[in-house]
There are 2 protein chains.
Amino acid sequence: MMEHAQEALFRPVRAGNAFEETVERLMQAIRLGVVAPGERLPSERDLATRLGVSRVTVREAIRSLQENNYVESRRGRYGGTFVNDVIPKSAPGKEFGDIHDALTLRKVLETGAAETAAGRSLGPAERRGLRARLEEASTASLVEYRRKDSRLHLAIAEATGSASVTAAVADSRMRVNELLDTIPLLEPNLTHSNAQHERIIASILDGDPAGARLAMAEHLDGTASLLRGFLV
Amino acid sequence: MMEHAQEALFRPVRAGNAFEETVERLMQAIRLGVVAPGERLPSERDLATRLGVSRVTVREAIRSLQENNYVESRRGRYGGTFVNDVIPKSAPGKEFGDIHDALTLRKVLETGAAETAAGRSLGPAERRGLRARLEEASTASLVEYRRKDSRLHLAIAEATGSASVTAAVADSRMRVNELLDTIPLLEPNLTHSNAQHERIIASILDGDPAGARLAMAEHLDGTASLLRGFLV
DNA sequence: CTCCAAAGGTATGTCTGCGAGCCATTGGCC
DNA sequence: GGCCAATGGCTCGCAGACATACCTTTGGAG
């Protein structure tokens, strides 16, 4: 028997109860900037269908987000649940093993995604989308940087044309962002990141898989060593 | 809003009910060869703890495996649930989008895993493990090939030192194996695969990340085009 | 001004899954 | 030969989640 592989295969089947996982998902959408401040979440009924949970559970999750000031709800037609400007919270106390694990998965996924995206023939809409995200990230202020950065990286994942890859990247980023939230974000890091972003996107748009991979790898290594430095 | 990213983020929160997901996991362990025919699964109490479900649910899952002749249970001390030699089943009817999605994720994960594994300094136990899995796969008969092949690929994932990567590769392989089960496995494919396996493992053991990635990419492209050819 | 569609808010009965405990069986150890 | 530890087999009550239905609020369309 492969004792080690068992640990991976016999991991818990569910990360938490339906309520917790629903909160997690909504938080992802907000923190990764998929639904920006001021924008509206899909309706409760819609979310219930898409997430595969009951509306009651969705409401409980939204309730908990309201209590933590992430969102506000308004009734009536053209009402809904709207994302606030806040960015509360930070969660400390990770172990080194977790960090290594999260960073390894991220590197595997995101370098692969960049290479794959560069190897596809992208449509005009996709190309425009990538440029738009790049522009958003490069002009972002310090407070909104993490969100805009995540949107850019998610757009790259989407450009692979694989929903599974996008989902995996989203999960991975959430884990890493949790860690990044515990260390300071400085102007020089940001400038450097933007330059790397440009290289990555240029390589993807030029259809240069090897270049995209390399540029992404260097980009990720930057924040990885920053993290390892601050957290160990 | 990034309409497309929402599809990934607002995907169903749980793949199925606890029972179904538990069956799925045990099937993974059996079909990927992590618990080989004749070997014993962990005890019900142990599985319940590790999988994070109640023992009742574990028992229902095992019951369903018994009914499909995958396993047999024996009572008493030194009893347990043992894996049979069978390999029933096959599930047809996939759409092209699913195939592309599954193959894209697999390529991202496994090429990344190979590269990462080659970039680490592996301990003697890990090196021995990789060689052993390679040997097993190369001497496997047609009927046991898929299982031995999966074990080898899982061992490579494990060599990244990241449990998350291993888990992701296991999930990905299950999806692809489901597809592979619907097409014939021929002796020449097998010979070719074995040669590629050797290159991959040699590159990893030599600490050659670029070589490992390339070898893995070629290996995966082989079965990918086979699949696309048979299934479209 | 009225209507009404679409959104959030509420209530209820059902069912799944869980925890916890106990029973039955088996084979090695003393 | 008897003990007993570890395993599968079984039951029952509770809590979480679900489906479904209905109520309330709101603002645009007609």
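Order of the sequence lines sets the chain letters (A, B, ...), proteins ahead of strands, with each chain counted from 1.
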Parallel, tilted or perpendicular for His197(B) and Tyr145(B), by the 30°/60° rule?
-> parallel
Flag the pair [X] and [Y] as a salt bridge only when some basic side-chain nitrogen lies within less than 4.0 angstrom of an acidic carboxylate oxygen.
X: Glu136(B); Y: Arg133(B); result: yes
X: Arg173(B); Y: Asp149(B); result: yes
X: Arg175(B); Y: Asp101(B); result: yes

Looking only at side-chain N and O atoms, does [Y] offer a donor or acceptor that is under 3.5 Å from a partner on [X]?
X: Asn177(B); Y: Ser150(B); result: yes
X: Thr81(B); Y: Ser73(B); result: yes
X: Arg106(A); Y: Thr111(A); result: no

Rounded interatomic separation in angstrom, taking [atom1] from [X] and [atom2] from [N]:
X: Leu26(B); N: dG8(D); atom1: CG; atom2: P; answer: 12 Å
X: Arg55(B); N: dT11(D); atom1: CZ; atom2: P; answer: 13 Å
X: Leu41(B); N: dT7(D); atom1: CG; atom2: P; answer: 13 Å
X: Glu60(B); N: dG8(D); atom1: CD; atom2: C1'; answer: 15 Å
X: Leu47(B); N: dG9(D); atom1: CG; atom2: P; answer: 13 Å

Quick one: which of dG8(D), dA19(D), dC22(D) gets closest to the side chain of Ser73(B)?
->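 The listed nucleotide nearest to Ser73(B)'s side chain is dG8(D).
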Closest of dC18(D), dT11(D), dG8(D) to the Glu44(B) side chain is dG8(D)
Any side-chain heavy atom of Glu72(A) sitting closer than 4.5 Å to one from Gln66(A)?
->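 Result no, sub-4.5 Å side-chain heavy-atom pair not found.
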Classify the side chain of Arg74(B) versus the base of dG8(D) as yes if they form a donor-acceptor pair under 3.5 Å and no if they do not.
->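 Side chain to base: no pair below 3.5 Å.
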Closest-nucleotide 5' rank along DNA chain D - winner of Gly52(A) and Arg45(B) | Arg45(B)
Give me the distances for all protein-to-nucleotides 26-30 of chain D N/O pairs that come in under 3.5 Å?
unit_1	atom_1	unit_2	atom_2	d
dT26(D)	O2	Arg77(A)	N	2.9

Bounds of contact between DNA chain C and chain B, in 5' to 3' order, using a heavy-atom cut-off under 4.0 Å |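 Range of nucleotides touched by chain B: dG17(C) to dG28(C).
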Would you say a side-chain N or O of Thr57(A) is under 4.0 Å from OP1 or OP2 of dC18(D)?
-> yes
To the nearest 0.5 angstrom, please state how far the OG1 atom of Thr160(B) sits from the CG atom of Leu122(B).
->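 The distance works out to 10.0 Å.
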